[in-house]
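Presented below is the structure to which this report refers.
Protein chains get the first letters and strands the later ones, always in sequence-line order, with residue 1 at the start of each. Values reported hereafter were calculated over all heavy atoms of this structure, with side chains retained and with hydrogens, waters and symmetry mates removed.
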Number of protein chains: 2
Amino acid sequence: MNFLEERITKDGIVKEGNVLKVDSFLNHQMDIRLFDQIGEEFKKRFEGTEINKILTIEASGIGIACVVARHFDVPVVFAKKSKSINIEGDVYVAEVESFTHKCKNQVIVSKKFINPEDKILIIDDFLANGCALQGLISIVKSAGASVEGIGIAVEKGFQTGGQVIRNLGYHLESLAIVDSMDAATGEIKFREQ
Amino acid sequence: MNFLEERITKDGIVKEGNVLKVDSFLNHQMDIRLFDQIGEEFKKRFEGTEINKILTIEASGIGIACVVARHFDVPVVFAKKSKSINIEGDVYVAEVESFTHKCKNQVIVSKKFINPEDKILIIDDFLANGCALQGLISIVKSAGASVEGIGIAVEKGFQTGGQVIRNLGYHLESLAIVDSMDAATGEIKFREQ
């Protein structure tokens, strides 16, 4: 087990309905030392890949993305979930369905912040059905930029999001892939990597 | 002028209606090197203050808070803007009105993540009318924890939020306090600190 799988085993909580709660260290309370390790690991896994910008989605992707970005020395852009009066004019838009919140959101990125020459690393905390990720990829495509890699902290391997993205040929790295979990026993099985 | 005031002068855009757009480096695209400088500066300004946790609010506070947290070597908790099915049972709640989005939100923090012995540094990107900040303070109080300091990147000094918080005796540090700005000329005047 790697450091993240160990942490999930220790502090993750399995709930009915295939919910994995990692809110004590990943997406409500955030362990910044762990995020730093995540950054180090992504830096290794995307060694040799040219990246000049990280793209993530609010809210829980932002913390990981910002700490990871230090390891790549690049800025972060986050896709916003609702239209703000402070964002005007030209935005890229994608439709995103949230597994957690059971609702559809539009996410937007100002056109100013993704350019055709950008080499993007997408970072997010979770990958399940892949809707958020598909939205981010579609935004990068709209901008004519390229997705050089995708770094995910926790992938629910029993949902189809990761498989679809890999089938499409993207370089997707998930630090922990949960193949199954059992709310009754609390057991979590990770995919061998 | 300090490093943040210089950056605001260079890249901030003044819009009608007292809107200061800093979305190219602070709250949409995020300059992580700048965030690191912000973290260093807060570490200096809160020298000698015991802090074991940073509290912020989604979405744009999270990035700064996480990078700042590295300088204090503490975890970050962020207040969430809407009730998620993943947060259950016991949460602290505060009502927050957003200047930018012209709407009221409930923000919540799981009771698990703030304890009476916590010594909290609140971090946010903006302080204007102070509503978000008041909500965060009220959550810390509800938990019986203490607010040891408040670190803000940009304060709109011509709105009352900062004054009220200082009057209440909190140790509030804003790295850039905008005393006035002019949408016609683009001029931004900072308070001498």
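One finds the CG atom of B:N27 at 6.5 Å from the CZ atom of A:F78 (value rounded to the nearest 0.5 Å). Note that CD1 of A:I32 and CG of B:D73 are 10.0 Å apart. Values are rounded to the nearest 0.5 Å. To the nearest 0.5 angstrom, A:I62 atom CD1 is 8.0 Å from B:E58 atom CD.
Across A:D31, A:V74, A:D36, the residue that shares the most heavy-atom pairs under 4.5 angstrom with chain B is A:D36.
Checked by atom type and distance alone, the side chain of B:H28 never pairs as donor or acceptor with a backbone atom of A:V109 at under 3.5 Å.
In this model, a donor atom of one side chain and an acceptor atom of the other lie less than 3.5 Å apart for A:Q29 and B:K53.
The environment of B:E50 atom CD is sparse: at most 12 non-hydrogen atoms of other residues, nucleotides or ligands sit within 6.0 angstrom. The 12-atom threshold is not exceeded at NZ of B:K141, counting heavy atoms of other residues, nucleotides or ligands nearer than 6.0 Å. By the neighbour-count criterion of 12 heavy atoms within 6.0 Å, atom CZ of A:R33 is sparsely surrounded, having that number or fewer from other residues, nucleotides or ligands. Atom NZ of B:K111 has more than 12 neighbouring heavy atoms from other residues, nucleotides or ligands inside a 6.0 Å radius.
A:T56 does not touch chain B: none of its heavy atoms, backbone or side chain, sits under 4.5 Å away. With a 4.5 Å cut-off on non-hydrogen atoms, A:R70 touches chain B through its backbone and its side chain both.
Linking ILVMFWY side-chain heavy atoms closer than 4.5 Å, directly or via other members, places A:L34 and A:I13 in two distinct hydrophobic clusters. No continuous path of ILVMFWY side-chain contacts below 4.5 Å connects A:F42 to A:I177, so the two sit in separate hydrophobic clusters.
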Check your understanding: Is there a side-chain contact (heavy atoms from CB on, under 4.5 Å) between A:K112 and B:S24 once you walk through the steps?
Key -> CA-CA 8 Å; A:K112 290 182 294 183; B:S24 66; 5.8 Å; no
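Closest heavy-atom contact between A:G63 and B:C66: CA-SG, 3.5 Å.
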